[in-house]
Trainee: 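Quick one: the structure is below, and I'll ask about it shortly.
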Number of protein chains: 2
Amino acid sequence: MTEHLTIGAFARRTGLSLKALRRYDESGLLVPDAVDERTGYRYYSPAQVNRARQISLLRRVEMPLAQIADLLATSDPVAASETLLGWWAEQERLLTHRRGTVDYLLDQWRRAPEEPFQVEVRSAPERTLATITSRVLQADLVATLVENVHRLREHLTASEAVVTEEWWAIYHGVVSPDSDGPLEVCVPFEGLVPPVGRIAIRIEEGRTEAYAPISAAQCSYPRILHAYDAVTDWVRRHGEPTGPPREVYRVPWPEDPTAYVADIALPYREAPW
Amino acid sequence: MTEHLTIGAFARRTGLSLKALRRYDESGLLVPDAVDERTGYRYYSPAQVNRARQISLLRRVEMPLAQIADLLATSDPVAASETLLGWWAEQERLLTHRRGTVDYLLDQWRRAPEEPFQVEVRSAPERTLATITSRVLQADLVATLVENVHRLREHLTASEAVVTEEWWAIYHGVVSPDSDGPLEVCVPFEGLVPPVGRIAIRIEEGRTEAYAPISAAQCSYPRILHAYDAVTDWVRRHGEPTGPPREVYRVPWPEDPTAYVADIALPYREAPW
DNA sequence: CTTGACCTTCCCCGTGGGGGAAGCACCAGA
DNA sequence: TCTGGTGCTTCCCCCACGGGGAAGGTCAAG
């Protein structure tokens with residue numbers, strides 16, 4: 001049982017190709033037990049079959065070689081299991097997000113005449129805001145919004161400021177699985193409030209903004225992208241944006257999914273043309 | 001609005017990188033509206049933004065460029081939707097199968113001392129078989145088994161042959177998401193039966209086979225791989241395989257998941273050593 | 001000894017880009 | 001009109017993860 005296997009025999013036993021085995025040798029992931037110095041022939045030991053099969057399986061689920069190396073370097077099987085599980089959870093998360101993107105594309109094609117969005121213009125006054133800025137991936141977006149609004153409201157009411165239902169989120173960067181903002185959650189108020197921890201207090205200048213009201217049903221990804229598209233297109237036709245887009249929530253979340261829940265707003269300046 | 005956009009402006013509007021845009025130009029997937037012959041500058045039209053954004057979204061879900069080209073060449077949005085949906089279903093199917101592979105690996109690490117399989121040897125007599133051979137991917141495996149056994153039994157009983165509960169499936173090739181057999185479903189019988197349609201009648205020689213009995217719980221992917229491993233290892237230690245492995249079902253499917261349901265069998269010859 | 005199967009290295013191919021160098025092109029301000 | 005700075009061009013090399021195949025050396029059985 002201590003005999004050596006040639007690369008071909010080893011390939012048949014493990015389900016790996018010759019090309020793959022040579023590459024894994026090169027990269028150090030799976031080095032033959034012995035290499036004939038004269039001929040360069042690779043000889044594998046039967047004891048290596050197990051590792052090779054694990055590599056084969058991990059490649060079948062498309063784990064990168066570098067991560068396979070890390071994983072198999074973990075001696076503790078419990079830790080290895082957790083690493084693998086974590087990686088796999090990430091794969092499932094990615095798939096879930098992609099499903100949303102596919103849905104959006106299907107939306108565009110299927111009901112081609114998507115109900116149009118009313119884009120309006122309004123002048124927003126200067127306001128004093130309490131804000132929390134964070135980098136967040138799409139998966140954690142809703143939780144982050146809810147949590148930060150709650151923290152801001154708690155701080156403001158504890159400071160005896162006057163707050164309303166109104167709040168908004170400014171997307172300084174794209175929030176997607178590949179990109180994490182930054183995202184600034186804002187609650188406007190009246191009063192005198194100190195900053196604390198990650199809560200900043202700042203003045204937001206007055207501005208003109210184009211906005212589209214959306215319903216609760218339209219507010220979830222990916223349908224919300226249609227509203228962004230509509231506002232962005234409108235602004236491009238009438239002028240140019242002067243800042244990042246935002247979602248403005250002005251009422252409590254309604255029961256009725258067709259009821260108004262928020263505005264997608266984009267500050268802009270009219271074109272000189 | 002009929003102005004041309006430089007590649008940089010177009011990139012910002014569409015979320016595609018300069019590199020990507022140049023590559024899409026090269027490959028014909030997204031050719032600029034105009035190219036200055038003298039300078040080589042690419043100029044895109046605003047009307048191309050839509051196509052570019054679709055490409056961007058499809059790339060985010062990792063659809064290959066060639067398939068994106070096909071998809072966007074489809075003029076009928078209904079047909080395009082169906083193509084996209086079909087492709088997406090395939091992605092989900094792949095993920096489901098990969099989850100099985102991951103589970104198998106976790107199995108190996110977590111309960112390291114997997115209950116060992118009893119590998120026995122038996123001599124199988126020559127039999128007359130009715131068989132259906134088909135190429136099938138892992139996803140359709142169970143349905144194919146059930147359906148083909150049913151068709152074979154129907155034909156045999158209609159021909160007044162004597163059949164028992166026993167049947168088996170011979171895996172002439174690996175059945176996985178990447179590989180589709182061939183798979184031969186066999187029902188042994190006594191009597192005189194003509195072939196019909198895809199049903200073949202053949203003699204199977206007697207042979208010696210190593211086998212491991214498994215329970216219903218062990219029969220589903222990926223746990224069943226452990227049984228295959230056990231038999232294959234045993235055979236390698238005692239001789240060499242003389243044919244493809246099979247799953248032999250000898251009793252009706254039991255209620256109790258821990259009850260015996262099948263054998264994983266591998267014909268083999270004793271080693272000359 | 002021959003022959004066929006098996007092994008070696010080497011290079012090019014693919015996909016979908018990223019990084020960066022070298023060299024023009026464009027536009028605004030002085 | 002010159003001069004930046006920015007933007008655009010091509011070109012080449014790089015990544016992962018191999019597949020395909022050429023050219024040539026090796027092994028083992030008949």
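Labels below follow one simple rule: chain letters A, B, ... track the order of the sequence lines, proteins then strands, and each chain is numbered from 1.
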Trainee: Would you mind reading off the distance between Ile7(A) atom CD1 and dT26(D) atom P, rounded to a whole angstrom?
Mentor: 17 Å

Trainee: Over how many whole Å does the gap from Glu26(A) atom CD to dG19(D) atom C1' extend?
Mentor: 15 Å

Trainee: Give the rounded distance in Å between these two atoms: CG of Asp25(A) and C1' of dT8(C).
Mentor: 12 Å

Trainee: Can you tell me how far C1' of dC7(C) sits from OH of Tyr44(A), to the nearest Å?
Mentor: 12 Å

Trainee: Applying side chain to side chain contact (heavy atoms under 4.5 Å, CB included), can you list everything that pairs with Ser81(B), at least two apart in sequence or on another chain?
Mentor: Leu106(A), Trp109(A), Arg110(A)

Trainee: Less than 4.5 Å apart, side chain to side chain, heavy atoms only: is that true for Leu30(A) and Gln48(A)?
Mentor: yes

Trainee: Under a 4.0 Å heavy-atom cut-off, which of residues 9-18 of chain B touch DNA chain C?
Mentor: Ser17(B)

Trainee: Hey, what are the protein-to-nucleotides 9-14 of chain C N/O distances that come in under 3.5 Å?
Mentor:
unit_1, atom_1, unit_2, atom_2, d
dT9(C), OP2, Arg42(A), NH1, 3.2
dT9(C), OP2, Arg42(A), NH2, 3.1

Trainee: Does this structure show an ion pair linking Glu92(B) with Arg98(A), if we count only N-O contacts that are shorter than 4.0 Å?
Mentor: no

Trainee: Scan for salt bridge (Lys or Arg N to Asp or Glu O under 4.0 Å) pairs involving residues 11-22 of chain B, sequence neighbours excluded, and state none if there are none.
Mentor: none

Trainee: Roughly how many Å is it from CZ in Arg23(B) to C1' in dG19(C), rounded to a whole number?
Mentor: 14 Å

Trainee: Could I get the full list of salt bridge (charged side-chain N to carboxylate O under 4.0 Å, His left out) partners for Asp233(A), not counting sequence neighbours?
Mentor: Arg236(A)

Trainee: Tell me whether the OP1 or OP2 atom of dG17(C) has a side-chain N or O from Arg59(B) closer than 4.0 Å.
Mentor: yes

Trainee: Rounded to the nearest Å, what distance is computed from the CD atom of residue Glu62(A) to the P atom of nucleotide dG16(C)?
Mentor: 13 Å

Trainee: Please determine if Arg23(B) and Glu26(B) form a salt bridge, counting it only when a charged side-chain N lies under 4.0 Å from a carboxylate O.
Mentor: no

Trainee: Listing request: all ring pair (Phe, Tyr, Trp, His ring centres under 6.0 Å) pairs with a residue in residues 25-55 of chain B, at least two apart in sequence or in separate chains.
Mentor: Phe10(B)-Tyr44(B)

Trainee: Taking only side-chain nitrogens and oxygens of Tyr24(B), does any of them come within less than 4.0 Å of OP1 or OP2 of dG16(C)?
Mentor: no

Trainee: Does a salt bridge link Arg269(A) with Glu209(A), judged by any charged N lying under 4.0 Å from a carboxylate O?
Mentor: no

Trainee: Not counting sequence neighbours, which residues clear side chain to side chain contact (heavy atoms under 4.5 Å, CB included) with Thr96(B)? List them please.
Mentor: Arg99(B)

Trainee: Take the protein atom CD1 of Ile55(B) and the nucleotide atom C1' of dG16(C), then report the distance between them rounded to whole Å.
Mentor: 13 Å

Trainee: Enumerate the residue pairs fulfilling salt bridge (Lys or Arg N to Asp or Glu O under 4.0 Å) with a member in residues 71-85 of chain B, sequence neighbours excluded, ordered by first and then second residue.
Mentor: none

Trainee: Once you round it to whole Å, what is the distance between C1' of dC7(C) and CG of Leu5(A)?
Mentor: 15 Å

Trainee: Could you pull out the protein-nucleic contacts involving nucleotides 25-29 of chain C (nitrogen or oxygen on both sides, under 3.5 Å)?
Mentor:
unit_1, atom_1, unit_2, atom_2, d
dA25(C), O4', Tyr41(B), OH, 3.2
dC26(C), OP2, Arg38(B), NH2, 3.0

Trainee: Could you work out, with side chain to side chain contact (heavy atoms under 4.5 Å, CB included) as the rule, every residue matching Ala210(A), not counting sequence neighbours?
Mentor: Val119(A), Val231(A), Trp234(A), Val235(A), Tyr268(A)

Trainee: Give me the residues of residues 64-71 of chain B where at least one heavy atom lies under 4.0 Å from an atom of DNA chain C, by number, or none.
Mentor: Pro64(B), Leu65(B)

Trainee: May I have the step-by-step check of side chain to side chain donor-acceptor pair (under 3.5 Å) for Glu247(B) and Tyr211(B), ending in yes or no?
Mentor: CA-CA 9 Å; Glu247(B) 290 166 18; Tyr211(B) 68 98; over 6 Å; no

Trainee: Is it true that Arg202(B) and Glu184(B) have a side-chain N and a carboxylate O under 4.0 angstrom from each other?
Mentor: yes

Trainee: Quick one: which residue pairs count as a salt bridge (Lys or Arg N to Asp or Glu O under 4.0 Å) with a foot in residues 42-54 of chain A, not counting sequence neighbours?
Mentor: Asp25(A)-Arg42(A), Arg53(A)-Asp229(B)

